[in-house]
Amino acid sequence: MGGGLKRKSSSSSKSLAKSKKKKGPHLPNSILKVIANQKRPLNSDEEDDDAIDSDDEHGGDLYEYEEGVPEEESRKNNRYDRHDNYDYELPEDFEDENVESEDDVNSENDEEVEGDDDDDRHTRMLQSLTGMPSAAFEGDSKSKPVLFTEAYPEGEFNPTRDVLEGKNVLTEEDFLAPLKGTPGYQKTSKQIARMQKGTKHVVHAPLPKPERERLERKAVKGIVDEEFGKWVHLVKKNREAPTVYFNKEVNLGYSTVSAIASDFQPRTEFEKKMASVLNDSEVTEAHRDDGARLLELNEVSMEDHIKDRNHIAKMRSLLFRHEVKSKRIKKIKSKTYHRLKNKDLKNSSLGALMDPEMAKEEAMRQEARRVEERMTLKHKNTGKWAKRMISRGLNVKYDGTKAAIAEQLQMNASLSRKMNSMRDGSSSDESEDEEELNDGSDEDTPSRLIAKAKEKTLKALEDDEVPNSGLMSLPFMARAMKKKNEEANEEAKRALEEYEEWENAGGENSKKPVEVSGRRAFGATAKVEAPKESRKDSDNFYDNSDSDNDMAGVEDNDMKAVRDTASPARNTGTMTDTEKFDDVVGNPASTTTFDVAMFASGSWKKMTGGKNTESKKASKKTRVPISQAQDKKGSRDDGSEDSESEAERMVDGVLTSASKETFEIPSQEEIINRAFAGDDVLDEFEKDKEEVLNQEVPKPEKPVLVPGWGNWTNIQRKIGISKHELQKHEAEKKEWEQGLKKRKDARLNHVIISEKVDKKAEKLHTTTLPYPYTSREVFENSMRMPIGPEFNPSTILAELNRPEVVKKTGVIIKPVKFEEVNPNDEVDDEHPRNHQKQRTKKKTSKRQGKVKSK
Amino acid sequence: MRIKTISRSVDEFTRERSQDLQRVFHNFDPSLRPMEKAVEYQRALTAAKLEKIFARPFVGAMDGHRDGISCMAKNPNYLKGIFSASMDGDIRLWDIATRRTVCQFPGHQGAVRGLTASTDGNVLVSCGTDSTVRLWNVPQPSLEDSDFSSEKTVEPSAVYVWKNALLAVDHQFEGELFATGSAQLDIWNHNRSQPVQSFQWKNDTIISVRFNPGEPDILAASASDRSIIIYDLRMSAPARSILMMTKTNSIAWNPMEPMNFTAANEDGNCYSFDGRKDDEAKCVHKDHVSAVMDIDFSPTGREFVTGSYDRSVRIFPYNGGHSREIYHTKRMQRVFCVKYSCDATYVISGSDDTNLRLWKAKASEQLGVILPREEKKHEYNEAVKNRYKHLPEIKRIVRHRHLPKPIYKAIGESRVMNDSKRRKMERTKSHSAPGTVVIQPHRRRRIIKQVE
């Protein structure tokens, strides 16, 4: 292609030269006159821009030398290419030139043309050097006189009018017309006709060089772009791939053991010997055969055999001796070993069991310990420390304390049990004993009991003290307690009245109700044994009153009160029982259960059922909630409760209408209130909110007068807290109030909107979306899963953490090789890396693709 | 009551060797690990800090030349070898591992301006201001090289004299041809004393030439008239030319993306172009404060290294506007040439202070043999760092670099200048009729025209 282009260019330059030589002969006479008048310099530069229209109409008249139509004629037809006309010199007259010079032979013509060319160049050079018009140097040129009239050479800047108008088309006939009648005319016209018949196509005039080059560059550009374009899919694929690998195709050399072994050369003496045996042709041959020959080769001589045998025997004897020796050594033990061994034997319990005296001694010691325990009750939480802990509620607060107290109790239990086990026969169950005592208590006169109850009730009335620490000190608890106390007080007062009534009524039947009420509280078993006394004359009135009495204590919900009500039992009953009760009271769990009365009673029941040894007073307490429900509200608690109480009554057989009258179905609100008596949600929330507010907008501290600080005490006493401090406090307070008001939840009573900024969490968040991501969800999803080894199985860990470029130091990376890539194929996702990442990448690459396609 | 017992078979839990790791079971339930994000963030932070601590990019200097290094060439077939030439006509072959001269190639009478090696690494081509092209046979690396007993000298295998001083040379990838830049672009064959092809477009000197490694017949050259020209050897004409505001000192093709190339410009920026589009650059890489003298792509195609007249070497991501790394030392002067090693692990810079310097491409990379577990750890650190890189603390640590005072000052100055320019443009725009003032993006602004 290059060659072709070159040729073209050369021809074009020729034409240019020619055109320069002949100065547009087509000027009409009128114009020539005008030119003459103007007396312009002749043969001005070809660069001259003067526009002189040449008229072609008379062209034929002016040329007498046009003899024939040259081959190039055909070209002429197309010289009116618009491009040419505007930009470059029209090779209008070069045909004439050719015609003139190329009469018969083309080659001659070429030479001539070249000669002309040289002349022209020379002239131009001279012209440029001297600044004189070219005509001055063309003295001997072949130019005709007509040429002098041409002030304005026809060129790219002064084309003919026809050309500009675009209607002038010269044909062969135009050129032939003036030749009509001349001798060669016939021949030429025939030739031309033949030629026209043969070549229908039109040959374009060569374009000027810069234009041609531009076109050429355009073409090259297209080709190069196409060349680049074929890479697009491959590049896209590479860019989208989550990981690019450059560590492949590593020649590691030997890859198998056999490959390494094949190059092995024996070097040392031993290796050589081994090699000689291994490579022995006889042996290999034997192997290749059936193996019978191997046996022959394997033959051992007699001497060798004997030598071998002796050697083995020697080895064996040596081994045996060694064994014997070691056995003996093992048997020998040191003195210390024996001493320690004896001591161990002595100390072991086995020895003690063997020795009756020792056993006796042990038993005595145990006994003594037990006695001591019973005397001092050291481990019954009666100590100063334990009491204090319990009273302050520290045993609830701290696990360590709790554990220590429990441990003590357990120690106590274990000490007493040991004793039991030691003397099974001597005493019956302790519980029996207790029961006896309980009976004893029952024998107390009712009047005395009543009196005592009265006394206790009064006492309970008096001290409504509220503990100022622990759970009970919380405001809502305090409030609830206060309410309860009031109720309890009321009840107590009523009870007192009742006591008085009883006292007045006399004590002969007061004994039984106590019993009855006591039995009623037990589960089914208790009820069965109860009837014998209670059935005939159980008085509901008494029953109720009793329960009232009890209720006063428990309703109180104060541990102390409970203990107080329980104290009569202590007086009458066994020590252990009351203590147990105390324990229960002291136990934090039980205090909490007391919040919900019904539940508490249930638990207590269970306990009593389990122990089966309870004083009646205590058992009465268990019944309290039910009776409370009956009396205070005068209603039934719910179905089950009701049925239960009814069953009790059935058992007792003393169902009276009076008792029934008191039951009333409580309203839903009441039930709910009762069910959630303890947890005051609203108050709690308020408290929470207050806390949050305090934390986020801390309340300014009041200025305090610290004696001796800042001033003398007497002066301080006089002036009090300084003014500026007070002012400061005022300002702070105002600020605080403003701060509270400004909060979003200032007007929302049931909402807390925290406005605290967590600085530690803040650094884990970003304010703007990081670059490749365009949506928040996608980004958050990509960040959701951790990539660490603790959070992922090792099988996917490598994929999760794989870098974008995997390369290996020392491996030369070659430039990309072209391969066909199907653009429709998805990126082969051999590595499940984070799909998220890939998706985002795709997005970006799409963007790039768009840019590319622009 | 049902009792669930843990049952584990002995077979599964017995190690085969005592060195084996014990099996450990994890419960990957995310609810059991509520702090995972915080944990990973902390790790990312630690990784970022560790990266800073271990950032020791400078491996060593290669000392021997007696004048400023003008150009370098890497041996595409041999990792340890690098050629360098200086302004006094001295050409050396260096062993990177030992950082010693293996061989010298004396002969040039003036500054050597271009150096390149054939793809098989057997032929070295040099050209210089003495108007000669010299071809040298590169001695094969052998075991004896490592004993540094003697430096060999090699006679040129061919000397071709040309009409003009030659400013650049580059060898075709996997081919016989090489191109030189002088008053025109000439294509030479190893065995001919005259160029086999010449391109001349405008009458301007070609100052750099680079063949496309992916498309061996395509090459780009930059001329002193501030233009970048792309040629195709199969055609007789250049494909396209881009005229920029400032001249391009060097060009590098992306070895993995044959249509893209990056031009190191005199204005301190690098411009990444798509070979099919000349109206705008795809990306402008800013950071240098003085002319970028040389540029070389990493063989991975993801990064390139630039050397600048501001005495620093920078490494840019191929699609990022700012450098990820800057290398400088107190004694390093104007950097005239940089190369990325063929395994994308090292960077070599040659500067006016007659030294070649060897840098790690990744400043904190651990060299030497790395155990698989170590590698895993590195990968994890990298991944986790990459994951949280947008968080302010980590971003701050990762981006922070100590700069030489002149560069730091120059950056501040240029920032002020750019800001004021931008402000002025904005004001002009706001005070003129809408649509009359169009603010061009930087990608287009520096391109004057595309020459057809």
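Values reported hereafter were calculated over all heavy atoms of this structure, with side chains retained and with hydrogens, waters and symmetry mates removed. Bear in mind the structure is a predicted one, so any value in this text is a computation, not a measurement. Just so it is clear: chains get the letters A, B, ... in the order the sequence lines come, proteins before strands, and each one is counted from 1.
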For [Y], does its backbone N or O pair with a side-chain atom of [X] as donor and acceptor, under 3.5 Å?
X	Y	value
S227(B)	L243(B)	no
S31(B)	D29(B)	no
N386(B)	E382(B)	no

Of the listed residues ([options]), which shares the most heavy-atom pairs with chain A below a 4.5 Å separation?
options	result
R234(B), E174(B), K389(B)	R234(B)
V39(B), D232(B), L391(B)	L391(B)
K37(B), E393(B), E215(B)	E215(B)
G275(B), P30(B), P258(B)	P258(B)

So which part of [X] gets closer than 4.5 Å to some heavy atom of chain A, the side chain, the backbone, both or neither?
X	answer
E379(B)	both
N254(B)	neither
Y231(B)	neither
P76(B)	backbone
E257(B)	both
L79(B)	both

So, [X] and [Y]: side-chain donor and acceptor under 3.5 Å apart, yes or no?
X	Y	value
E216(A)	S236(B)	yes
T262(B)	Y271(B)	no
Y340(B)	E303(B)	yes
Y380(B)	E40(B)	yes

Which of K807(A), R217(A), K814(A) touches chain B most, by non-hydrogen pairs under 4.5 Å =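 Of K807(A), R217(A), K814(A), R217(A) has the most heavy-atom pairs under 4.5 Å with chain B.
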
Could you have a look at E213(A), R214(A), M783(A), K218(A) and say which one has the most heavy-atom pairs with chain B under 4.5 angstrom?
->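 Heavy-atom pair counts peak at M783(A).
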
Quick check, are the ring centers of F818(A) and W231(A) under 6.0 angstrom apart?
-> yes

Residue part contacting chain B, namely of [X], when any heavy atom lies under 4.5 Å:
X	result
F791(A)	both
I223(A)	side chain
E226(A)	neither

For the residue pair R302(B) and V805(A), what are the closest heavy atoms and their distance?
-> CG-CG2, 3.7 Å

Can you tell which of E375(B), E374(B), K360(B) makes a side chain to side chain donor-acceptor pair (under 3.5 Å) with Q366(B)?
-> E374(B)

